[in-house]
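One is the number of the first residue; the rest follow in order along the sequence. Because the structure is a prediction, the values reported are computed rather than measured. All values below were derived from every heavy atom in this structure, side-chain atoms included, with hydrogens, water molecules and symmetry-related copies excluded. Both ligands and their constituent atoms are indexed starting at 1 by order of listing.
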Amino acid sequence: MKELLQNVYKRKSVRRYNGQKLSQEELAAVEEYLHQLKPLVPIHLEFQIVPCSETNCKLNAEYCLLVYSEEGNLWLTNVGYMLEQWDLYLASLGIGVCWYGMGKVEEERQCDLVYAIMLAFGKCDADQFRNGDYDFNRKDVDDIWSGATDVRIGEIARLAPSAVNSQPWRVEQVDNKFNVYRQKGNVPLLSSQLYKRWNKVDVGIFLCFVDIALESNGYTFNRTLGTDTDKGRRVLVATYELN
Ligand SMILES: Cc1cc2nc3c(=O)[nH]c(=O)nc-3n(C[C@H](O)[C@H](O)[C@H](O)COP(=O)(O)O)c2cc1C
């Protein structure tokens with residue numbers, strides 16, 4: 001995962017595409033990478049790449065990636081964890097991506113799999129990406145990570161994208177052990193049902209950033225996962241123990 005670090009500072013939600021088409025080679029690379037994503041939990045996913053114009057996505061992207069998953073503990077968190085790797089990889093190819101939680105499909109179920117989310121993608125101009133660790137509208141490390149012993153980790157993890165930029169993660173650290181929580185917030189504009197769903201994807205994206213941060217700073221770790229419950233304001237999603 002550490003090879004994705006440089007793309008953390010480049011990726012951005014791309015909402016303006018330039019109308020150029022992906023080449024066959026680019027499309028093949030994009031599809032191939034879907035088979036290399038590292039899972040958080042062993043849950044089966046399937047993907048469909050369809051023209052964006054055939055979805056309800058309002059962006060002018062060339063394609064949308066539709067993500068279908070088995071259900072199970074942390075399935076949406078797993079979707080966030082896996083597809084964020086893809087988002088970062090596409091940034092390295094100069095292909096724009098935008099997670100699109102507002103997307104809907106006609107068939108929610110496909111055999112044992114259920115629709116999770118879509119991501120729009122396509123060609124865009126270079127100025128649609130970031131050029132470094134500025135231009136981020138994010139909470140400070142101190143606001144999300146208490147007891148941090150190595151702020152380099154939090155400084156990377158805090159850059160994770162989330163639906164409506166809600167950043168619903170909190171971390172509590174004691175020495176070499178830290179807990180990652182999904183925290184409910186108030187987003188009045190969104191139905192709580194949708195928000196509950198995106199929150200889980202968001203925290204998976206955050207775990208992806210945490211892992212990139214740890215691995216690129218030379219840490220090895222053991223991670224224990226929590227649950228998907230909707231009870232309580234704060235839900236323990238993962239405990240990391242650094243070696
Ligand atoms: C799960 C999820 C769902 C999202 N849904 C939408 C969406 O429906 N429409 C949209 O324009 N952006 C959407 N976004 C993009 C976020 O608004 C964006 O990631 C956040 O504001 C941070 O900005 P950045 O991605 O440019 O760093 C979504 C992001 C995530 C992670």
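Sorted by first then second residue, the salt bridge (Lys or Arg N to Asp or Glu O under 4.0 Å) pairs that include residues 56-75, not counting sequence neighbours, are Glu71-Arg109.
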Listed pairs under 3.5 Å, donor-acceptor, residues 36-55 side chains, sequence neighbours left out:
unit_1	atom_1	unit_2	atom_2	d
Gln36	NE2	Glu32	OE2	3.2
His44	NE2	Glu46	OE2	3.0
Gln48	NE2	Gln110	OE1	3.3
Thr55	OG1	Cys52	O	2.7
Thr55	OG1	Cys57	N	3.0

Identify all side-chain donor-acceptor contacts of residues 117-128 below 3.5 Å with residues at least two apart in sequence or on another chain.
unit_1	atom_1	unit_2	atom_2	d
Lys123	NZ	Glu26	OE1	3.2
Lys123	NZ	Glu26	OE2	2.8
Asp125	OD1	Asn18	ND2	2.9

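Asn165 and Arg138 share a donor-acceptor pair across their side chains, judged by distance under 3.5 Å alone. The closest side-chain donor-acceptor pair between Asn56 and Tyr100, if any, does not fall under 3.5 angstrom.
Protein residues are said to neighbour a ligand when one of their heavy atoms lies under 4.0 Å from it; for ligand 1 these are Arg11, Lys12, Ser13, Arg15, Cys98, Trp99, Tyr100, Gly101, Met102, Ile117, Arg130, Arg138, Pro161, Ser162, Ala163, Val164, Asn165, Val201, Asp202, Ile205.
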Salt bridge (charged side-chain N to carboxylate O under 4.0 Å, His left out) evaluation trace for Asp230 with Lys200: CA-CA 10 Å; Asp230 289 317; Lys200 292 174 183 171; 2.9 Å; yes
